[in-house]
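Every value quoted in this text rests on a predicted model; they were computed, and no experiment measured them.
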Amino acid sequence: QVQLVESGGDLVQPGGSLRLSCAASGSISNIYTMAWFRQAPGKQREWVATLPRGGATVYADSVKDRFTASRDNAKNTVYLQMNTLKAEDTAVYYCCADGRVWGQGTQVTVSS
């Protein structure tokens, strides 16, 4: 079974940008759906974006037009480019494969 490792989380000022990566230990070419989720302190895990294999990426309204998710099957990696970050984007960000394999998460903190 593939394993996922997220990276790229950091402390950033409001309005700044970050790019998260999610590296898979094996091929993601046969994984139908990759997705990004996030969980803020004291809140439930929240869906951010879904990247279906061969289909259009879908985003939560809260991040649409600010975040861009992409997948590179050749590198077995998915990315989340986050622009115009807001304090409410502060959370641990997780990637997920086919709704059943999760990474350990990477912390994103947006604060001045």
Before you tell me yes or no, could you show the steps for Gln107 and Thr90 under side-chain contact (heavy atoms from CB on, under 4.5 Å), namely the whole-Å CA-CA distance, both residues' side-chain angles and the distance that decides it to 0.1 Å?
CA-CA 8 Å; Gln107 176 71 49; Thr90 295; 4.1 Å; yes
Check side-chain contact (heavy atoms from CB on, under 4.5 Å) between Asp89 and all other residues, then give those that pass, not counting sequence neighbours.
Arg38, Arg66, Phe67, Leu85, Lys86, Tyr93, Val110
pair Arg53-Met34: side-chain heavy atoms closer than 4.5 Å:
no
When Ile, Leu, Val, Met, Phe, Trp and Tyr are grouped by side-chain heavy atoms lying under 4.5 Å apart, directly or through other members, which residues fall in the same group as Trp47?
Phe37, Val58, Val92, Tyr94, Trp102
For the backbone of Tyr79 and the side chain of Trp36, can you confirm whether one donor and one acceptor N or O come within less than 3.5 Å of each other?
yes
Keeping Thr77 on the side-chain end and Lys75 on the backbone end, is there a donor-acceptor pair under 3.5 Å?
yes
Under the salt bridge (Lys or Arg N to Asp or Glu O under 4.0 Å) rule, collect the residues that match up with Asp61, sequence neighbours excluded.
Lys64
Tell me which donor-acceptor pairs under 3.5 Å the side chains of residues 8-26 have, and how far apart each pair is, sequence neighbours excluded?
| residue | atom | partner | partner atom | Å |
| --- | --- | --- | --- | --- |
| Ser17 | OG | Asn83 | OD1 | 3.0 |
| Ser25 | OG | Gln3 | N | 2.8 |

With Gln1, which residues qualify under side-chain contact (heavy atoms from CB on, under 4.5 Å), at least two apart?
Arg100, Val101
What one should report as the nearest heavy-atom pair of Ala69 and Ala49 is CB-CB, 4.2 Å
For Arg45, give me all partners under salt bridge (Lys or Arg N to Asp or Glu O under 4.0 Å), at least two apart in sequence or on another chain.
none
So SG of Cys95 and CG of Leu51: to nearest 0.5 Å the spacing works out to 10.5 Å
Mark yes or no for whether Asp98, through its side chain, and Tyr32, through its backbone, hold a donor-acceptor pair below 3.5 Å.
yes
Would a 4.5 Å heavy-atom cut-off, applied to side chains only, mark Tyr59 and Thr68 as touching?
yes
Atom CD of Gln44: over 12 foreign heavy atoms under 6.0 Å:
no
Nearest 0.5 Å please: distance from the CZ atom of Arg71 over to the CG atom of Asn76.
10.0 Å
Should Val5 and Val2 be counted in the same cluster of Ile, Leu, Val, Met, Phe, Trp and Tyr side chains packed under 4.5 Å apart?
no
Of all heavy-atom pairs linking Thr57 and Pro52, the shortest is CA-CD, 4.3 Å
